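Some notes on the structure that comes next.
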Amino acid sequence: MTDNDVIATGRDGVGVAQPTYDAIVVGAGFGGIGAAIELKRQGVQSIAIVEREDDLGGTWHVNHYPGLAVDIASVTYSYSFEPNPFWSRLFAPGAELKRYAEHVADKYDLRRHMVFGEQIERAEWDDSASFWRVYSEDGTERTARLLLTATGFLSQPHTPAIPGIKTFKGTVIHTTAWQDGHDFTGERVAVIGTGATAVQLIPEIAKQADDLTVFQRTPIWVVPKLDFAIPRAVQQLFARVPATQKAARLVNTSLLELLMVTGVLHFKQFKVANRGAVALAKAHLKRQVPDPELREKLTPDYDFGCKRPTFSNEYFASFTKPNVALQTSSIVKIDPDGIITADGEKVQIDTLVLATGFDLWDTNFPAFEIRGRDGMDLGKWWRAERFQAYEGITVPKFPNFFTLNSPYSYSGLSYFTTIEGQMRHIARLLGEVKRRKATRFEVTEEANARFLDDVTRRLDSSVFYRGDCSSANSYYFNHAGEATLLRPRSTPGTLHEMATFPLEDYSFAGPAVTSVGRPATKSPSAKP
Ligand code: NAP
């Protein structure tokens, strides 16, 4: 190991295994970009960032449906260390997020590490060589001392298995595979789903379609969106005096913390915050929808926060337009020319839009097969022994592995506070690895169990267990009925813990490694 090596590579040993890379990051969205920035800060330079899509940006590359915008104000929904003074609106449109991702990747010189259009199929820990073997669907094998998965929570689109859906003769569009330029003018359109995506999309389709029928299974809590174009003078102020943008971030983050974190996670202690959010959403609905029957249908009967609430000034109002209908009778089947509901009605349509969200618990967690020590299969273990990850980032028996989209990893406030907490964890841990000149680290079973006990106890106060979530149909809950997505801590608490966790919670070993690694089966020389 040289002084510059962050994690001992074994390159100075004779007959010693040598991985192709120091680190492989799977996913080039904001998670993978943040992780790679942190790796580089820690001196890890030999990095491959492998992405299944044809460009970087994750969610913000894949999604480009009309109306796409952030629903966390942009001063907060961005890296704190990389503020963008030039957001055009308080809630920036999706295309700006994509450009922001490109800007950050360029600024931190990440593109040269990226390979696109390659889907990772499986990863295996090679215990004797102390590195990961990572295999792509196209047959490429790479090896790396570190594996980081940043594959997103909402990355596996869900297409419902509604009887007859394949027989539909018109156009079918899932929101994650938007057909840019599709003109709904003169069409009869159905949208299935009323999640955060539909809330943004429905007002846009309502402006074009002759007839729009929205199929709602579960209503969503929607609060007003205080959105406006950010004047040029304010953008210039943010650029010239960055402290002003920091202050704006602090104000917005504090408000969101109250609404999205305190009111949800501390439901037992702060019911008033939760009830305040419900009152706000109900008043918003009442202002926009005068018809009490329609209002009733659009009102959730589960507590605020059981499923992801959203922000919109146009969604409720869309249902008052003469060309828009809300259908709450359940879908029985789909015919070649329309949708049949349980009350016997047939809604004839030309285009079917599936705003049906994502599969989290079947095909994610993890997004591909990952085998650690002793052949342990991460996905099977999570399903057999409860979903768990120490501090939402590492797992016992999976050495040198950071799983960024883990159980209990999501901070609840914004994906950026999640990744920035994880970057702190990576920094602290790799700093210790370097100090010890180690080749491997692994979280202890004891530390992992302690963290799981702690989050389980804390979540007991949350709306998920203390509120009424029975009718929410929320993806926050896994098949076992456990809400294992959100980390039940305040955002400042999370950031503090990620920077100060006890280093004894990890075991470290190395630098000796004992076998020679197999060469890549397909040379990655042309690829990063
Ligand atoms: P989602 O919240 O999971 O919503 C999917 C919708 O499809 C639900 O209303 C669901 O009904 C419905 N659905 C699914 N299968 C169905 C079936 N067989 N029959 C009838 N209805 C069916 O997905 P999403 O709207 O794409 O949003 C996912 C997440 O993405 C959000 O929670 C948010 O975190 C994120 N998001 C963020 C933004 C942003 O602005 N930043 C924008 C969009 C999305 P049930 O509720 O009954 O299951």
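Being a predicted model, the structure only gives us computed values, none of them experimental. In this chain, numbering begins with 1 at the start of the sequence shown. In each ligand, atom 1 is the first atom listed, and ligand 1 is the first ligand listed.
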Assert yes or no for the condition that the ring centre distance of [X] to [Y] is strictly below 6.0 Å.
{"X": "Trp361", "Y": "Phe387", "result": "yes"}
{"X": "Phe91", "Y": "Tyr77", "result": "no"}
{"X": "Phe153", "Y": "Tyr410", "result": "yes"}
{"X": "Phe30", "Y": "Phe416", "result": "yes"}

Exercise: do [X] and [Y] side chains pair donor with acceptor under 3.5 Å:
{"X": "Glu420", "Y": "Ser80", "value": "yes"}
{"X": "Thr491", "Y": "Glu257", "value": "yes"}
{"X": "Asp54", "Y": "His61", "value": "yes"}
{"X": "Thr76", "Y": "Thr253", "value": "yes"}
{"X": "His103", "Y": "Asn84", "value": "no"}

Ala472-ligand 1 polar pair, N/O distance under 3.5 Å: no
Nitrogen or oxygen of Ala355 less than 3.5 angstrom from that of ligand 1: yes
Trace of the salt bridge (charged side-chain N to carboxylate O under 4.0 Å, His left out) decision for Arg386 with Glu482: CA-CA 9 Å; Arg386 294 179 66 193; Glu482 287 187 305; 3.0 Å; yes
At under 4.0 Å between heavy atoms, is it the side chain or the backbone of [X] that contacts ligand 1, or both, or neither?
{"X": "Lys307", "result": "side chain"}
{"X": "Ser330", "result": "neither"}
{"X": "Ser474", "result": "neither"}

Tyr476 six-ring face occupied by Lys307 cation (under 6.0 Å, within 45°): no
To the nearest 0.1 Å, how far is [atom] from its closest protein heavy atom, and which atom is that?
{"atom": "atom 27 (O) of ligand 1", "answer": "Thr197 OG1, 3.7 Å"}
{"atom": "atom 45 (P) of ligand 1", "answer": "Thr218 OG1, 3.5 Å"}
{"atom": "atom 21 (N) of ligand 1", "answer": "Ile192 CG2, 3.6 Å"}
{"atom": "atom 48 (O) of ligand 1", "answer": "Arg217 NH2, 2.9 Å"}
{"atom": "atom 18 (N) of ligand 1", "answer": "Pro160 CB, 3.2 Å"}
{"atom": "atom 4 (O) of ligand 1", "answer": "Gly195 CA, 3.6 Å"}
{"atom": "atom 36 (N) of ligand 1", "answer": "Ala196 CB, 3.9 Å"}

If the cut-off is 4.0 Å to any non-hydrogen atom of [X], which atoms of ligand 1 fall inside it?
{"X": "His158", "answer": "15 (N)"}
{"X": "Gly193", "answer": "6 (C), 7 (O), 9 (O), 12 (C)"}
{"X": "Asp71", "answer": "38 (C), 39 (C), 40 (O), 41 (N)"}
{"X": "Tyr65", "answer": "42 (C), 43 (C)"}
{"X": "Gln200", "answer": "39 (C), 40 (O), 42 (C)"}
{"X": "Ala69", "answer": "39 (C), 40 (O), 41 (N)"}

Look at [atom] and find which of [options] reaches it with the closest heavy atom.
{"atom": "atom 1 (P) of ligand 1", "options": "Ser471, Gly67, Gly357, Pro219", "result": "Gly357"}
{"atom": "atom 31 (C) of ligand 1", "options": "Phe311, Tyr476, Tyr475", "result": "Tyr475"}
{"atom": "atom 35 (C) of ligand 1", "options": "Val214, Leu154, Ile162", "result": "Leu154"}
{"atom": "atom 9 (O) of ligand 1", "options": "Ile165, Thr194, Thr159", "result": "Thr194"}

Sidechain-backbone polar pair: Glu391 side chain, Ile393 backbone, donor-acceptor under 3.5 Å: no
Salt bridge (charged side-chain N to carboxylate O under 4.0 Å, His left out) assessment of Lys346 paired with Asp337: CA-CA 9 Å; Lys346 176 165 185 173; Asp337 60 344; 2.6 Å; yes
Heavy-atom gap Phe358 to ligand 1 smaller than 4.0 Å: yes
Spacing of Ile202 atom CD1 and Tyr315 atom OH [to the nearest 0.5 Å]: 4.5 Å
